[in-house]
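Chain A is the first sequence line, chain B the second, and so forth, proteins listed ahead of strands; every chain is numbered from 1.
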Amino acid sequence: MITMRASQLYAPTLREVPAEAELVSHQYMLRAGLMRKSASGVYSYLPLGVRVLHKIMAIIREELDQAGAQEIMLPIVQPAELWQESGRWNEYGPEMFRLLDRHQRQFCLGPTHEEIITALVRTDVRSYKQLPLRLYQIQNKYRDEIRPRFGVIRSREFIMKDLYSFDRDESGAQASYQAMYDAYTRIFARCGLKAHPVEADTGAIGGDQSHEFMVLGDAGEDLIVFCPHCGYAANVERAECVPYDPDEESAALAKLEKIATPGITTVEELTKRLQIEPGQVIKTMIYIADGKPVAVLISGNHDVNEIKLKRALNCDQLELADAQTIATVTNAPVGFAGPVGLTIPIFADYSVTTVVNGVSGANKKDYHLRNVNINRDYTPTQILDLREARAGERCVRCGQILEEARGTEVGQVFYLGTKYSQPMKAVFLDQEGQERPFVMGCYGIGVSRTMAAIIEQHHDEDGIRWPVSVAPYSVIVVPISYKDEEQRSVAEHIYKTLTSAGIDAILDDRDERPGVKFKDADLIGYPLRITVGPKHLVDGNVELRLRSSKEQFVVPIAEIDNQVSTFLNRIGE
RNA sequence: CGGGGCGUAGCGCAGUUUGGCUAGCGCGCCUGCCUUGGGAGCAGGAGGUCGGAGGUUCAAAUCCUCUCGCCCCGACCA
C-alpha cells in the first residue's frame, strides 16, 4: 500500500506571496508547493502538482479511450524536413524553438505534432479498412512565447494532450469532430470546470472549423461574445458581424467640404474638435497585403479584425503600412487618410455603409473632409465584415444583442480536412481502389493550463479548494498533537482504514502546532480534513471538515470510512 | 520589439539618492527548553561572490560602462 505522511512529503509551502506571481492560480501553485519556476515560462512540478496533473490526465485518458482513441508517444525533437514539407517551417516564425544537432542539421522542439503524426500514419495506414483512426499523446510542447505570463497559463514549455483523427471522408471526420467535442465537454465537467465551447479562429493550425473551450473569468486573455438569447458564442477573433440596416430616417446628403484640422490625427481628437460621435468618422487604415497597399474603411467606433481582413484578402502577409507607404499612397502623413480620391483597392466594413455625411481624412496634411458619403464621394472595391465584434452588436443567428466576457482557452478542436494530408501526401486506398488523402481533425487540451484554470475557479482567501476528482489527496488526517499517544494511535488507525478502503489519504504526522497544520491543509486544499483532537476524542469522535464550504461534522471513529465515502461522493458530484 | 519596474540569505523586504567600520530586518531553517483547536514564546545557531564582468576610488551593495536574468503594460499568439 502506498502511504504518505506530511513529514515526508516534499511540499514546501510559502507563507508569503512570491513577488513574481500576479494571478491567484499562479500564487497558489507556488505557495502550496505544486511547482517552482526554473526559467521564464518554464516550471518544475513538485509531487503535489504532479499528482494533480496525473489525475487530470487520467480523466482525459478515460474519456478519450472511451471515445475510441488510442494513446501513443511522439518525439519532442522533430526534424525540420517534415515542417518544410507542410510549409510551416517558415510560417511558424520565431515562436518555434529551433536547434541544430552536431552535424548542423535543423530540428525544432515540437510546438504541436500534426506533421510528425501525419508522417507516421502515412507510412503505415494504407487502407480505408484501417479507418477511422484516433490517436493521441500527452506530452510537453514548446512555444517560444513573446511574453510568457500568468504562470503556467502562458508558458513556453507546457503539457498538452493532442489527438489526431483520420477519416476516409468528410462525414467521418465530422463524426470524429463531434465525438471529441462531446468528450471535451465531459472531461472539463469531470475536472470541475465550467468550460464553454465557443466558435474560434483556426490560427496557425489551419483548417475550416473550430471550437475553443473557454473558462470564463476576468483573468482570461481572450475576449468572447455570446448571445444570451440563442446561445451563439464566439471568440472575437472569429465572431461574425451582421451588415448594418439601412437607416430609415437618413438625413439629406450635404455638400462635401474640406475643413482645416491641423495636427489632428486620431479619431478621438477629431470627435472632440468637431463635436461628433465616433460613429460618424470613416476611419481609413492602410495595410500592406503581400506587399501591395490596400485601404480598409471602418467606422470610428470599431476596430479592424485583422484575421477577418487577412481571410478576405486571401493573403499570407498582412501588416499596417509604414509611414512612407502611407505618404506615397495618400499624399499625406499618417492620420489624414480618407477614401475620397484613393486609387488603391478599398475594402469597407459594413459599419461605414450607414454613415451619412461622415468625416474622413482629406488625403492632405492638416485637412479632413466633412459630409463624405458612400457611392457619391467614394466607391469601395468590396463591402464586407471586417470589424472586431463587441458587446452591443447584433447576433448573427437571432439578431438579439450580444454580450461579452473574458476567457482562458483550455481546449480547442479543429476540423482540418486535408490541410496536412494533401501537401504531405498522406493517402489511403478507398473501396474503389482510389487514392485519397486522409480527412483529418486535431484536438488539444492544455493540461498544465487546465490545472491553473481549476484553481482560478476553485479557491478562496485561504487557498485552493480542489474538486475531489483532481485533488492531490482527497483526505488529510490531522491530529492536533501527534505526540499525544491516544491521538496518534487514532489518527494512524483512521489513516490506515481510509487507505485500505482505497481512499486517497495523507497523514499530517508533523510535530507542528495545530494552526500550522490547518493553514497548510487549507492552502493545499484537500477536500476533506479529519481532525483528531481531545475535544471529541473523549466521546470516541473525530471532526470532519469540508474544505470548500468549511462545514464541520462530528463523526464516530468507527464510522469514519463510511462517512468519508459518503461525503466524497456528495461533494464529488 | 517598444514603455515601465526589479535583482541584497529559501520567501518577503530595508540599506543605494549623499561611497565609510563586521551588510540588516521579518518569516522560514537547525539545536534546546517550553507549548499544542487556526501560521505561539524564550535562548542559542547556520545560511550572503549584494545577478555577472570591467572600471573609478584609500574605500563600492551604493558611482560609471557593459552584460545577464526576472516582473508588469503594450504589440503578438494556441
For the side chain of [X], starting at C-beta, report the closest nucleotide among [options].
X         : options                : result
Lys519(A) : C73(B), C77(B), G38(B) : G38(B)
Phe518(A) : G37(B), C76(B), G39(B) : G37(B)
Leu14(A)  : G39(B), C73(B), C11(B) : C11(B)
Lys535(A) : A75(B), G37(B), G39(B) : G37(B)
Ala19(A)  : C73(B), C70(B), C13(B) : C13(B)

Considering only heavy atoms and no angle criterion, is a donor-acceptor pair shorter than 3.5 Å present between the side chain of [X] and the base of [N]?
X         : N      : answer
Arg147(A) : C77(B) : no
Glu16(A)  : G26(B) : yes
Arg529(A) : G38(B) : yes

Using the [atom1] atom as the point on both nucleotides, what is the distance between [M] and [N], in whole Å?
N      : M      : atom1 : value
G48(B) : C42(B) : P     : 26 Å
U16(B) : U56(B) : P     : 25 Å
C6(B)  : A14(B) : P     : 10 Å
G69(B) : A60(B) : P     : 28 Å

- Message: Between Glu20(A) and Lys37(A), does any side-chain N to carboxylate O distance fall below 4.0 Å?
- Response: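 Lys37(A) and Glu20(A): salt-bridged.
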
- Answer yes or no: is there an ion pair linking Lys308(A) with Asp385(A), defined by an N-O contact shorter than 4.0 Å?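 Looking at Asp385(A) together with Lys308(A), the answer is yes, because their closest N to O distance falls below 4.0 Å.
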
What nucleic acid atoms does [X] come within less than 4.0 Å of, heavy atoms only: base, sugar-phosphate, or nothing?
X         : answer
Glu20(A)  : sugar-phosphate
Pro111(A) : nothing
Gly444(A) : nothing
Arg156(A) : nothing
Asp484(A) : nothing

- Message: Looking at Asp201(A), is its backbone amide N or carbonyl O close enough to the side chain of Gln412(A) to form a donor-acceptor pair, meaning the two atoms are under 3.5 Å apart?
- Response: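 Here the side-chain-to-backbone pair exists.
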
- Separation of Met424(A) CE from Lys419(A) NZ (nearest 0.5 Å):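 Spacing of NZ (Lys419(A)) from CE (Met424(A)) equals 12.0 Å.
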
- Query: Cut-off 3.5 Å, side chains only: do Thr408(A) and Arg449(A) have a donor facing an acceptor?
  - Reply: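 No.
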
- Do Phe213(A) and His196(A) have their ring centres less than 6.0 Å from each other?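 Centroid distance Phe213(A)-His196(A): not below 6.0 Å, so no.
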
- Quick one: is C71(B) close enough that its OP1 or OP2 comes under 4.0 Å of any side-chain N or O from Ser40(A)?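 True: Ser40(A) side-chain N/O within range (under 4.0 Å) of C71(B) OP1/OP2.
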
Give the rounded distance in Å between these two atoms: [atom1] of [X] and [atom2] of [N].
X         : N      : atom1 : atom2 : value
Arg36(A)  : G10(B) : CZ    : C1'   : 9 Å
Phe150(A) : C71(B) : CZ    : P     : 12 Å
Glu409(A) : C76(B) : CD    : P     : 17 Å

Nucleotide N/O to protein N/O under 3.5 Å, stretch nucleotides 44-48 of chain B:
none

- Identify the nucleotide, in any strand shown, that forms a Watson-Crick or G-U wobble pair with U35(B), with both distances under 3.5 Å; if there is none, say none.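 The base-pairing partner of U35(B), which may sit in any strand shown, does not exist here.
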
What does the list of N/O pairs under 3.5 Å between the protein and nucleotides 29-36 of chain B look like, with a distance for each?
| from | atom 1 | to | atom 2 | distance (Å) |
| --- | --- | --- | --- | --- |
| U35(B) | O2 | Arg513(A) | NH1 | 3.0 |

